[in-house]
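Heads up: the structure comes next, in structure tokens.
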Amino acid sequence: MPRSKKDNVEDIAGLRERMRHSASHVMAEGVCALFPDAKLAIGPSTEEGFYYDFDLPRPLTPDDLAAIESKMKDTIAKNLPFVFEEINRETAKQMFSHQPYKLELIDDIQDEKLGTYRHGSFVDLCIGPHVSSTGEIKAFKLLSIAGAYWRGDEKRPMLQRIYGTAFETQEALDEHVRRMEEAARRDHRRLGRELDLFSVHEDAGAGLIYWHPKGGRIRTIVEDFWKKEHYNAGYELVYTPHLGKASLWETSGHLGFYRELMYSPMEVDEQSYYVKPMNCPFHIMIYKTDIRSYRELPLRLAELGTVYRYERAGVLHGLLRVRGFTQDDAHIFCRPDQVEDEIIRVLELTFLMLGAFGFKEYEIYLSTRPEKYVGETSEWDRATEALRKAIEKWHLEYNVDEGGGAFYGPKIDIKIRDALGRSWQCTTVQIDFNMPERFDLTFAGEDGREHRPYMIHRALLGSLERFLGVLIEHYGGAFPTWLAPVQAVVIPIADRHQEYAQRVQDELKKDGIRVEVDARSERMNLKIREAQLQKVPYMLVVGDKEVASSAVSVRKRNGENMGAVELQAFREMIKRAAQSRSLE
RNA sequence: GCCCACAUAGCUCAGCAGGUAGAGCACGUUCUUGGUAAGAACGGGGUCACCAGUUCGAAUCUGGUUGUGGGCUCCA
């Protein structure tokens, strides 16, 4: 009977998992051969490959990786069987008496029976599964060395982790390596420099972004789009300060639970002011300027609010992890009976916004009440149900992270998948039972009495910095026409075509097209090459023929040469591409 | 913050074992006016990240600081 494709996919996933797990054992054996005193920690398979953590007498070098790989090849060539054996606790303790990390693991296992896997003379505490023999590890590669805390706890010893990956065929491994290289080519830090989008300055502070004119263009377009859609969706845009007095942050509770992420205060007229790490208290200030009636809720206050948070030096990463960033923030104040509807609307706006950038695949996570929480359980249940129903209203699959909510309320997180299949967290929608209480927010109900509003925090793109970083990688720098900082470059072939080139530019500018003329006295070939490297969507070559016929010769960045197109026809074409937000 | 590595011209990198710096690209000038991914020549440009130390002498060795990269932890 022919197997379904689905079975096949699961087979390969399972095979890879076993093969990688087995490869980690073989690697551990190789490390032990080179370092007889090596202390072994854990070595699982991962989505992309495998790793093993070791406590070693000296730091590893890339040369060590080559030596380990060569040992591994020997073991694989011997095609040793993986043999499972169940042993009792005492035997295990004896067997691993020189392996303190293994002993700790043994102590944590509840079962009296423990599993071991052996190949050749190497035994590891392990429940598998593995491939049946080392020869079944068809293609592998060790990739990198990194530090990792024992059990992920920064108070515990720092171990050395070796990352590697394995595949069922050499071709599949090569393909994986090719994808990693593609990811490196798309790295937003590299493209940010090559396309002159942004910079970061050692002399001016780590994790603080400078948007150059071209990056600024893109950001402005995204922001304008965002503002327009938020007005359409019933939000009001507000602007709030960057500083707030200590008392505000005491009321909000941030000085209590968020202090490590806040910068030191500055003294103004003998008062302490803090730079804001969040926008919510400021929006609350606006809410509190009036007595709110149930009739005017929901009140949706949105702001592209720039916040500053202290992030530890080691975590900073290009645009994706910074110390100053602009959240596409909003706070929705609503009646309890409006929550579900509001969440539905938030999700609708989310999919509209993300969809416009070409993100159509989402992973949705619903996080529920943690052990430590504020507020009433009945309120939590009600709010969590509202989140769940909103997700289901859109017929979406989702994962539940039980107990993964913030202490102040349940939340929905959405991850998007980019062109390389990597996922990124952007959207977060959180209900907050804490702030309304702390700031004593109220509204006058239909019954004339005071009620507590619900408060929803939400950021759809997350932060402009991170989102643009993701966009750069998603498009590989080749922004669709509506986002491209330069949409077209006019390339005169010789100096006598400059005047016409200028006319072409003037004509296109009437439609707001971002068009430049490459007026340098360079050869056309060079100008095409550079426009191509800058990933400009349209190159408009103009020479004698085009001047004579009021046309432009259109070359697209995908290499397609459209030949001569009448100027007015091209004007319509690019206008349509830009206005329709086509993803080309 | 922690582990490891790295820091040389605007960019990408050489510079072997300490004797005061090189290439390509970019930039400037000149020549070239060329039909779909690099025309040519000449030229300018670096207190070798910063601060100490060792040394007759440090880009090169040692320590510290700052920053960057790969991870860990944390997160928009």
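Sequence lines set the chain letters: A, B, ... in the order given, protein chains first and strands last, and positions in each chain run from 1.
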State which residues pass side-chain contact (heavy atoms from CB on, under 4.5 Å) with [X]; sequence neighbours excluded, sorted by chain then number.
X	answer
A:Arg58	A:Phe35, A:Thr61, A:Asp64
A:Leu173	A:Ala139, A:Lys141, A:Thr165, A:Phe167, A:Gln170, A:Val177
A:Leu533	A:Arg529

Take atom [atom1] of [X] and atom [atom2] of [N], then tell me their distance rounded to the nearest Å.
X	N	atom1	atom2	value
A:Asp518	B:rG35	CG	C1'	15 Å
A:Ile528	B:rU36	CD1	P	7 Å
A:Met524	B:rA37	CE	P	7 Å
A:Gln534	B:rA37	CD	P	17 Å
A:Glu522	B:rC31	CD	C1'	12 Å
A:Asp55	B:rC4	CG	C1'	14 Å
A:Lys39	B:rC3	NZ	C1'	19 Å
A:Asn525	B:rU36	CG	P	7 Å

Is it true that [X] and [Y] have a side-chain N and a carboxylate O under 4.0 angstrom from each other?
X	Y	value
A:Glu182	A:Arg186	yes
A:Arg151	A:Asp153	no
A:Arg520	A:Glu530	yes

Check your understanding: Does A:Leu319 reach the side chain of A:Trp211, with side-chain heavy atoms less than 4.5 Å apart?
Key -> yes
Point to revise | Donor-acceptor under 3.5 Å (A:Asp401 side chain, A:Leu366 main chain) | key: no
Could you give the distance separating [M] and [N] at their [atom1] atoms, to the nearest angstrom?
N	M	atom1	value
B:rG57	B:rG43	C1'	33 Å
B:rA41	B:rA26	P	13 Å
B:rC4	B:rG63	P	12 Å
B:rG10	B:rG46	P	9 Å
B:rU60	B:rA9	P	14 Å
B:rU65	B:rC13	C1'	26 Å
B:rG70	B:rG44	P	38 Å
B:rA21	B:rC27	P	27 Å

Do you know the tightest heavy-atom contact between [X] and [Y]?
X	Y	value
A:Leu208	A:Ala204	CD1-O, 3.8 Å
A:Thr428	A:Gln425	CB-NE2, 4.1 Å
A:Arg557	A:Phe479	NH2-O, 2.7 Å
A:Gly318	A:Ile209	O-CD1, 3.8 Å
A:Ile493	A:Met524	CG1-SD, 4.1 Å

Practice item. Check the pair A:Tyr274, A:Arg259 against side-chain hydrogen bond (donor to acceptor under 3.5 Å, both in side chains), reporting the backbone distance first and the verdict last. Key: CA-CA 10 Å; A:Tyr274 286 85; A:Arg259 190 173 215 132; 3.2 Å; yes
Kindly assign one of parallel, tilted or perpendicular to the pair [X] and [Y], based on the angle between their ring planes and the thresholds 30° and 60°.
X	Y	value
A:Phe570	A:Tyr538	perpendicular
A:Phe257	A:His254	tilted
A:Tyr408	A:His457	tilted

Check your understanding: Applying salt bridge (charged side-chain N to carboxylate O under 4.0 Å, His left out), which residue pairs with at least one partner in residues 456-476 of chain A are found, sequence neighbours left out?
Key -> A:Arg219-A:Glu465, A:Arg422-A:Glu473
Review point. What salt bridge (charged side-chain N to carboxylate O under 4.0 Å, His left out) pairs are there with at least one residue in residues 362-371 of chain A, not counting sequence neighbours?
Key: A:Glu363-A:Arg417, A:Arg369-A:Asp381
Table of protein N/O atoms under 3.5 Å from nucleotides 23-30 of chain B N/O atoms:
none

Review point. Is there a donor and acceptor pair, one atom on the side chain of A:Arg555 and one on the base of B:rA37, closer than 3.5 Å?
Key: yes
Among [range], which ones have heavy-atom contacts with RNA chain B below 4.0 Å?
range	answer
residues 42-51 of chain A	none
residues 488-499 of chain A	A:Ile493, A:Ala494, A:Asp495, A:Arg496
residues 356-372 of chain A	none

What is the pairing partner of [N], taking Watson-Crick or G-U wobble pairs with both distances under 3.5 Å in any strand?
N	result
B:rC2	B:rG71
B:rU12	B:rA23
B:rA17	none
B:rA40	B:rU30
B:rC48	none

Write out a two-atom table: protein N or O, nucleotide N or O from nucleotides 41-46 of chain B, distance below 3.5 Å.
none

Taking any heavy-atom pair under 4.0 Å as a contact, classify [X]: base, sugar-phosphate, or nothing.
X	result
A:Asp329	nothing
A:Lys527	nothing
A:Glu546	base
A:Asn561	base

**Study point:** Heavy-atom protein contacts under 4.0 Å, nucleotides 63-76 of chain B, coded B base, S sugar-phosphate only, - none
**Key:** ---BSSSBBBBBBB
Point to revise | Qualifying residues under side chain to side chain donor-acceptor pair (under 3.5 Å), relative to A:Arg555, sequence neighbours excluded | key: A:Gln532
Point to revise | Flag if over 12 foreign heavy atoms under 6.0 Å of NZ, A:Lys227 | key: yes
